[in-house]
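Following: one structure in C-alpha cells, then a few remarks.
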Amino acid sequence: MATARLARFLIISACISVAVQTAAGSTESGSILDEGMKLYKAGQYSKAAFKFLDAAKKEKGKEPAAYYYLGCCYFNLKRPNDAKALFRTIISSYPASKEAALSSTMLQRIDPAPATGGSASSATDSGGAGAGKTIVMRSTSSRFSKDDSAALQKEMATLPDVVRFPFTSDPSGHMRVTAYLNDRPVEAWFDTGASAHFGKNHLKQASIPEPRGPTTDKTSGWAGEEVPVWKMSATLKIGNLTRKVPVTVEENMESTPLVGQEIIKGYQCEVDNSSHYITLRKSKTGSAAHGALDPMYDIPISTTGSGERARDFVTIQANGKQISVLIDTGASNTIFHPDDIKRLGVQIPEDAPSTLLSGVGGGVIMKQVQVRDVRLGPIRRDAFTVMVGGEGGSAIGQDFIGDKRFTIDRERKLMRFFH
C-alpha cells in the first residue's frame with residue numbers, strides 16, 4: 001500500500017513538474033493551455049481536460065504540453081489506459097520534446113512495461129476542424145432491487161393522473177428542469193436514460209444533509225469507470241408530482257444533477273420540443289385516444305429493467321442496416337458503440353475530429369463520424385454526425401430527436417411521434 005501511494009505521489013509530482021516548466025516558458029497571457037493548468041492545479045481534472053484538448057487543436061507549438069497534461073488529467077480521473085495511450089503518442093509524434101522524456105518516465109511509473117512509441121490510437125487523435133466539446137452524463141448502475149408491481153400500483157393510486165412541467169434547453173442541448181429535492185430547489189437534467197444522481201456538492205449548495213460513513217454502492221457512465229456512491233431516500237418534486245425516490249450521491253459531481261426514471265415510472269412520458277413541456281400521463285390499458293397504429297409514427301420499443309432501472313430501446317436504420325439504440329433524452333449527442341459502427345460498415349478516418357465527453361466515471365475521447373441515411377419513424381438524417389466510443393452502448397440523443405414531439409408508451413411498447 002505504501003509503495004502504491006509513493007508511486008502515485010511520484011506520478012503527480014512529474015505532472016506538476018511539467019506544468020511549472022510549461023508555465024515558465026509561456027509568453028502568451030491567458031492562453032487556453034494556461035487556463036487548463038489553473039484548473040488542473042485546482043483539482044478540476046475534467047474541466048482541465050477540455051482546455052488541454054482545445055489547446056492541442058488551437059495553439060500551435062503547444063501540442064506536446066497539452067497532450068501531456070491531458071494524459072495527467074486522465075491519470076487523475078483513474079483512466080490509466082487512456083493516459084498511457086496519450087504518453088505513447090507524445091513519444092511517437094514529438095520525440096525531441098521534453099514532454100516525450102517526461103512521458104517515458106510516466107509510462108515506466110504507471111506500467112513497468114517498455115515505454116515504446118507507436119501510432120496514436122483513435123482515442124487520442126487530435127482531430128481536425130470542427131471538433132467540439134460536450135458533456136454527456138449517464139448513470140447505468142444496477143443498484144436498486146426489482147420493482148414491486150403491487151407497491152407501484154398502490155403508489156400510483158395516490159399520484160395525479162396528469163403531470164406537466166416545463167424544461168429549457170441549455171447550450172449543450174440538455175433538457176434542464178427545476179426539481180425540489182427534500183423541498184429544496186435544484187436545477188437538474190431530465191434524462192430518461194438515467195436515475196436520480198447528485199453530488200455531495202449539490203446537496204451542500206441546496207442545504208441538504210449529506211450522507212455520512214463509507215460509500216454503499218457503485219455506479220458508472222459512458223466512460224465505463226465505476227464511481228463509489230451513497231444511496232439515500234429522498235422526496236423529489238417536479239411540477240405537481242411528488243415522489244419518495246432512491247437517489248445516488250457521489251463525492252463531487254462537476255456537472256449538473258440527473259433526474260429521470262424515478263419520476264416517470266408508471267407514466268407515459270411525452271416530450272414536446274416545440275412548446276418545451278414534458279407531460280406525464282398514467283398508463284391506461286387499451287386507451288382509444290391513440291387510435292390505430294401508424295407504422296411511420298408508432299415505433300416498437302423494448303424495455304429492459306423495471307422501476308428506476310428501466311431503459312427503453314428502439315431499432316434504427318443507418319447505412320442500410322439496423323442497430324438497437326437507447327432513447328436518451330439526457331444525451332446532447334447521438335453515440336454509437338465502436339462495435340455498432342463496425343456492424344454498419346462505417347470506417348473511422350484516421351483524421352476524424354475528436355471530442356472529450358465527461359461524466360460519471362471520468363472523461364473519454366470520442367471520434368466524430370458521419371453516418372449516411374439514419375432513420376427512425378418520421379426522422380430522416382443524411383450524413384448525420386455521431387460520436388463513436390465509450391462503454392455505454394449506442395444511444396440517440398437530442399441532436400437526433402430534439403426537434404420532435406413524442407411519447408414513450410411502455411404499456412403499448414411504442415415510441416409514438418406526433419404528426
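This structure is a prediction, so every number in the text was calculated from the model and none was measured.
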Under 3.5 Å, is there a donor on one side chain and an acceptor on the other for Thr248 and His197?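 The criterion, which ignores hydrogens and geometry beyond distance, is satisfied for His197 and Thr248.
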Quick check against the 3.5 Å criterion: does [X] have a side-chain atom that pairs as donor or acceptor with the backbone of [Y]?
X: Asp373; Y: Ala318; value: no
X: Glu63; Y: Gly61; value: yes
X: Asn76; Y: Tyr45; value: no
X: Lys231; Y: Thr216; value: no
X: Asp191; Y: Gly260; value: no

Which heavy atom of [X] sits nearest a heavy atom of [Y], and at what distance?
X: Gly345; Y: Lys321; value: N-NZ, 4.4 Å
X: Thr329; Y: Phe190; value: OG1-O, 3.2 Å
X: His202; Y: Thr256; value: CE1-C, 4.4 Å
X: Cys269; Y: Ile264; value: SG-CG2, 4.3 Å
X: Leu33; Y: Glu59; value: N-OE1, 3.3 Å
X: Val388; Y: Pro338; value: CG1-CA, 3.9 Å

If you count the non-hydrogen atoms of other residues, nucleotides and ligands that lie under 6.0 Å from CG in Asp339, is the total more than 12?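 Check passes, neighbour count above 12.
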Rounded distance (nearest 0.5 Å) linking atom [atom1] of [X] with atom [atom2] of [Y]:
X: Thr215; Y: Glu250; atom1: OG1; atom2: CD; answer: 11.5 Å
X: Arg343; Y: His337; atom1: CZ; atom2: NE2; answer: 9.5 Å
X: Asn273; Y: Ile278; atom1: CG; atom2: CD1; answer: 8.5 Å
X: Ser394; Y: Asp328; atom1: OG; atom2: CG; answer: 11.5 Å

Kindly state whether the ring of Phe418 and the ring of Phe406 have centres lying under 6.0 angstrom apart.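 No, they do not, as the ring centres are separated by 6.0 Å or more.
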Would you sort out whether Glu210 and Lys204 count as a salt bridge (Lys or Arg N to Asp or Glu O under 4.0 Å), showing the intermediate values? CA-CA 7 Å; Glu210 304 168 22; Lys204 185 175 181 180; 5.6 Å; no
What orientation do His174 and Trp189 show, parallel under 30°, tilted 30 to 60°, or perpendicular over 60°?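 His174 and Trp189: parallel rings.
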Measure the acute angle between the ring planes of Tyr40 and Tyr69, then classify it against the limits of 30° and 60° as parallel, tilted or perpendicular.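 Perpendicular, since the angle between the ring planes exceeds 60°.
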Side-chain contact, heavy-atom cut-off 4.5 Å: Met232 with Leu203?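 Answer yes - side chains close enough.
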I'd like to know if Arg243 pairs up with Glu155 as an ion pair, taking the criterion as any Lys NZ or Arg NE/NH1/NH2 lying under 4.0 Å from an Asp or Glu carboxylate oxygen.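 Yes, Arg243 and Glu155 are salt-bridged.
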Would you check, one step at a time, whether the test ring-ring contact (aromatic ring centres under 6.0 Å, His included) holds for Phe165 with Tyr277? CA-CA 6 Å; Phe165 52 91; Tyr277 266 88; 8.4 Å; no
Among Tyr94, Tyr68, Phe87, which residue meets the side-chain contact (heavy atoms from CB on, under 4.5 Å) test with Glu99?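 Option passing the side-chain contact (heavy atoms from CB on, under 4.5 Å) with Glu99: Tyr68.
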